[in-house]
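Structure, as structure tokens:
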Amino acid sequence: DIGAIADSEKVAVYLVGGMVRDLLLGLPNVDLDLVVEGNGIAFGTKLAKELTGRIYCHEKFGTANLFLNNGLKIDIATARTEYYEFPAALPTVENGSLKQDLYRRDFTINAMAIGLNHHNWGQLIDFFCGCSDLRRKLIRILYNLSFVEDPTRIIRSIRFEKRYDFTIEEDTLRFAQKAIEQNFLERVSANRLKEEFVLILKEKNMIAIFKRLKEMDIWSRILPELELTPGILHFLEHVTEDSSQLTSLLGPVDPGLLTLLLLCHQADEKRVAANIERFQWSKKYNLVLMKTAHEKKKIHAMLQGKDVPISKIDLLFRDLSNETILYFYIVSPDPEQKKIINYLRLRKERIPVVSGKDLKMLGIKPGPVYREILEMLRTARLDGIVQSRAEEISLIK
Ligand code: CTP
């Protein structure tokens with residue numbers, strides 16, 4: 001085990017960070033963070049060999065990431081003191097002790113360690129009263145400049161506050177507010193802000209975090225393009241009950257992408273494009289967000305139309321992602337919601353049975369005409385003009 005390897009390598013190894021916090025809270029956590037007093041990279045290399053796995057080292061930072069063959073991921077750091085060359089930059093590393101390493105961390109509840117060597121196996125090391133803050137349900141920084149050195153911690157404090165239903169301790173809150181007012185968040189790179197935002201999208205209490213970000217005047221600093229209106233919050237709050245009516249018809253939906261679509265609800269194409277430009281979401285996300293913004297007006301106009309044939313709806317809807325369809329459903333008034341449901345039902349039921357193979361058997365020469373015929377059959381089926389194989393064939397003839 002890790003402790004035996006640490007002893008044989010003559011280094012002190014500690015479990016630190018989120019896993020210690022969650023262990024004390026009795027919550028599951030699978031990310032193993034280790035701090036090594038001594039050579040972290042050498043220890044990591046040994047560990048990777050003994051436990052069989054791959055290792056990726058960052059010599060400059062004295063850190064290593066281990067991916068064990070059993071699926072476990074272990075992050076290893078060399079005990080260090082970090083000093084910051086200028087605010088919001090990556091830390092520069094020099095050797096130091098466990099206490100200093102823990103002191104440079106974000107919050108007291110994340111700055112505890114558990115000994116893993118034989119002599120102190122399982123022993124809690126709590127220099128900064130993290131355990132007491134856990135009991136008192138407080139998020140507290142360790143030193144006054146914490147938010148200035150790493151303004152993303154302002155966002156993290158809110159994420160933890162809402163995840164555990166804790167409170168941001170009074171002085172900590174004041175330091176956060178001051179750093180916000182002094183525009184420290186604006187110094188953070190778009191990529192780091194995006195990473196923080198993606199973590200929020202994964203939180204169960206995402207909406208409460210959104211509200212708090214807005215309340216603390218943070219939202220507009222990290223997502224200036226996407227206004228968080230009461231209307232959008234209302235949509236977000238009703239996503240689950242709205243989706244339940246659609247999921248069986250629709251198939252899988254990526255909740256993160258759906259949230260982004262809803263956040264883009266009030267934004268015009270230009271704003272959505274600006275957000276994509278800054279944050280560089282995944283290729284799929286970028287495409288879906290842009291396409292939805294682009295087609296929004298057309299789709300609403302079509303859904304509002306009277307007696308629109310199903311095939312017409314299909315022309316606009318067939319290339320839309322599940323998330324986009326669900327988005328339109330959520331933001332539409334009742335009669336339009338009914339049209340979307342009806343369309344999705346018919347799209348599933350009314351599928352032509354005649355295939356390319358049948359066309360060949362009918363003696364039609366393969367070529368672009370196949371596509372045209374199959375397309376015509378789809379339209380005829382969707383609009384209820386044909387209802388059987390025989391009718392399909394007679395339509396072709
Ligand atoms: N940390 C920090 N400052 C940051 C990010 C992280 O001091 N801006 C420290 C904290 O001690 C944290 C540890 O690095 O516990 C690991 O970071 P991360 O994996 O992001 O946080 P977790 O606490 O594990 O949170 P989560 O449960 O969300 O994974």
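Counting starts at 1 for both ligands and their atoms, in listed order. The basis for the numbers below is simple: all heavy atoms, side chains too, and nothing from hydrogens, waters or symmetry mates. These numbers were taken from a predicted model, which means no experiment stands behind them.
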- Query: Are Y329 and E336 close enough that a side-chain donor and a side-chain acceptor fall under 3.5 Å?
  - Reply: no
- Query: What is the closest protein heavy atom to atom 24 (O) of ligand 1, and at what distance does it sit?
  - Reply: G18 CA, 3.6 Å
- Can you tell which of R21, R159, R156, M112 gets a heavy atom nearest to atom 12 (C) of ligand 1? R156
- Using only heavy-atom distances, determine whether the side chains of S146 and R153 contain a donor-acceptor pair under 3.5 Å. yes
- Task: Would you check if there is a donor-acceptor pair between the side chains of T152 and D150 at a distance under 3.5 Å?
- Result: yes
- Name the option, out of D150, L142, D101, D106, that contains the heavy atom nearest to atom 8 (N) of ligand 1. D150
- Message: Looking only at side-chain N and O atoms, does N110 offer a donor or acceptor that is under 3.5 Å from a partner on R21?
- Response: yes
- Item | For ligand 1, the portion of L199 having any non-hydrogen atom under 4.0 Å away | neither
- Atoms of ligand 1 less than 4.0 Å from F160 heavy atoms? 23 (O), 25 (O)
- Note on the structure: Nearest heavy atom to atom 11 (O) of ligand 1, choosing from R163, R105, R104, belongs to R105
- Item | Check: G62 main-chain N/O paired with T78 side-chain donor or acceptor under 3.5 Å | yes
- Quick one: look at Y164 and ligand 1, take heavy-atom pairs under 4.0 Å, and tell me if it's side chain, backbone, both or neither. neither
- ligand 1 atoms nearer than 4.0 angstrom to some heavy atom of G17 are 15 (O)
- Query: Parallel, tilted or perpendicular: which describes the rings of F328 and F317, with under 30° parallel and over 60° perpendicular?
  - Reply: tilted
- Item | Any N or O of N110 closer than 3.5 Å to N or O of ligand 1 | yes
- Message: Quick test of your reading of the structure: of V16, D31, V20, D33, whose heavy atom lies closest to atom 29 (O) of ligand 1?
- Response: D31
- Is the backbone of E225 close enough, under 3.5 Å, to the side chain of R271 for a donor and an acceptor to pair up by distance? yes
- Task: Classify the contact between R153 and ligand 1 as side chain, backbone, both or neither, using a heavy-atom distance cut-off of under 4.0 Å.
- Result: side chain
- Should you measure from each heavy atom of T152, which atoms of ligand 1 turn up under 4.0 Å away? 8 (N)
- Polar side chain donor-acceptor pair, H58 to N65, under 3.5 angstrom: yes
